[in-house]
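For the numbers below, each heavy atom of this structure counts, side chains included, while hydrogens, waters and symmetry mates do not.
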Amino acid sequence: MTIRVLVVDDHAIVRDGLVTVLSLVPDLQVVGEAADGAEAIAMVAADPPDVVLMDLRMPGTDGPTATASIARSHPGVAVLVLTTYADDDSIVGALRAGARGYLTKDAGRAELATAIRAVATGQATFDAEVGARLVAQLAALSPTAPSPTAPTPLRDRFPELTPREADVLERIAAGRTNPEIAAELFLTVPTVKSYVNQVFAKLGVRTRAEAVALVLR
């Protein structure tokens, strides 16, 4: 299936480069380019793509503002941030706005294509630097690692979760995949998937990125 992508960046040369790179990937199709957040919002409203590749810092309507608008009005459209900045405020701000993934512009073509495919299917994705920052923030919230059978500190923040669901949420926030969570908690992958669905339902989130943003608030 071809994934339709809207490229948003205020620098024309960056947009041109991204269009060229993505045109080399058979299952990706660039369906538009926007120079700022306001233009991106209008283009998504007129013809929703599958994924918006969003810069953060742009004149006028910036990336987080546009991301929040798109997430609110078109929840089926995934926003993947692609930016120069990897500071904590930028990362958390983008996730809170509704971005499903976050890459820096150091990403190569293969990594970018993989991330686009991931967010298009509802997964959260972060590059190595961003993932490390998220793990560090989570460690600051939870200084001691929980045992597989003990309730996590997140249990106190989200009393609607069972201890096991809180364990799963903590590992989602740390960027673990379902197989990795299964290995750490000595569960089967289908069981972890069931726990993930229960966590999402109880917290009122749809994606792993939204769950991460909620933990980091």
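Residues Ala66 and Ile41 approach most closely at CA-CD1, 3.9 Å, considering heavy atoms. The shortest non-hydrogen separation linking Val77 to Pro48 is CG2-CB, 3.9 Å. Pro59 approaches Asp36 most closely through the heavy-atom pair O-CB, 3.8 Å. The shortest non-hydrogen separation linking Leu6 to Ala40 is CD2-O, 4.0 Å. Heavy-atom minimum distance, Ala71 versus Ala97: CB-O, 3.8 Å. Closest of all the heavy-atom pairs between Ala34 and Met43 is CB-SD, 3.9 Å.
Residues meeting the side chain to side chain donor-acceptor pair (under 3.5 Å) test with Ser73, sequence neighbours left out: none.
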**Study point:** Gln198/Val168 under side chain to side chain contact (heavy atoms under 4.5 Å, CB included): CA gap, chis, key distance, verdict
**Key:** CA-CA 10 Å; Gln198 292 168 23; Val168 170; over 6 Å; no
Practice item. Check step by step if side chain to side chain contact (heavy atoms under 4.5 Å, CB included) holds for Asp55 and Val14. Key: CA-CA 10 Å; Asp55 191 18; Val14 174; over 6 Å; no
Point to revise | Criterion side chain to side chain contact (heavy atoms under 4.5 Å, CB included) on Leu18 and Leu82, from CA distance to verdict | key: CA-CA 10 Å; Leu18 289 171; Leu82 181 66; 3.6 Å; yes
Practice item. Given side chain to side chain contact (heavy atoms under 4.5 Å, CB included), test Leu80 with Leu53 step by step and report yes or no. Key: CA-CA 5 Å; Leu80 172 61; Leu53 196 57; 3.7 Å; yes
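Other members of a hydrophobic cluster containing Val31 are absent, since no ILVMFWY side chain comes under 4.5 Å of it, directly or through relayed contacts. Here Val189 is tied to no hydrophobic group at all, with no ILVMFWY side chain closer than 4.5 Å.
Taking the side chain as every heavy atom from C-beta outward, Met54 and Ile70 approach each other to under 4.5 Å. The side-chain heavy atoms of Ile116 and Val25, taken from C-beta on, include no pair separated by under 4.5 Å. Inter-residue side-chain proximity for Leu187 and Arg164 is flagged as met; some heavy-atom pair is nearer than 4.5 Å. A heavy-atom distance below 4.5 Å is found between the side chains of Leu169 and Leu203. Contact of the Ser90 side chain with the Arg57 side chain is registered, since non-hydrogen atoms from C-beta on lie closer than 4.5 Å. Side-chain contact between Met1 and Asp50 is absent, with no heavy-atom pair separated by less than 4.5 Å. Put simply, the side chain of Ile181 does not reach to within 4.5 Å of the side chain of Tyr195, judged on heavy atoms.
Other residues, nucleotides and ligands contribute more than 12 heavy atoms inside 6.0 Å of the CG atom of Leu24.
The side-chain hydrogen bond (donor to acceptor under 3.5 Å, both in side chains) contacts involving residues 97-107 comprise Asp9-Lys105, Thr104-Asp127, where partners must be two or more places apart or lie in separate chains. Residue pairs that meet the salt bridge (Lys or Arg N to Asp or Glu O under 4.0 Å) test with at least one member in residues 192-205, sequence neighbours left out, are Glu165-Lys202. Listed by first and then second residue, the side-chain hydrogen bond (donor to acceptor under 3.5 Å, both in side chains) pairs involving residues 108-125 are Asp27-Arg117, Thr121-Gln123 (not counting sequence neighbours).
For the atom pair CD1 of Ile172 and CZ of Phe200, the computed distance is 5.0 Å after rounding to the nearest 0.5 Å. Distance check, rounded to the nearest 0.5 Å: CZ of Arg4 to CG of Asp47 gives 4.5 Å.
A single hydrophobic cluster is not seen to contain both Leu56 and Ile13; linkage of ILVMFWY side chains at heavy-atom distances under 4.5 Å, directly or through other members, places them apart. A single hydrophobic cluster is seen to contain both Val119 and Val7, as judged by linkage of ILVMFWY side chains at heavy-atom distances under 4.5 Å, directly or through other members. A continuous path of hydrophobic side-chain contacts links Leu28 to Leu103 [ILVMFWY only; heavy atoms under 4.5 Å].
Among Thr67, Thr61, Asp62, the single residue meeting the side chain to side chain donor-acceptor pair (under 3.5 Å) criterion with Thr65 is Asp62.
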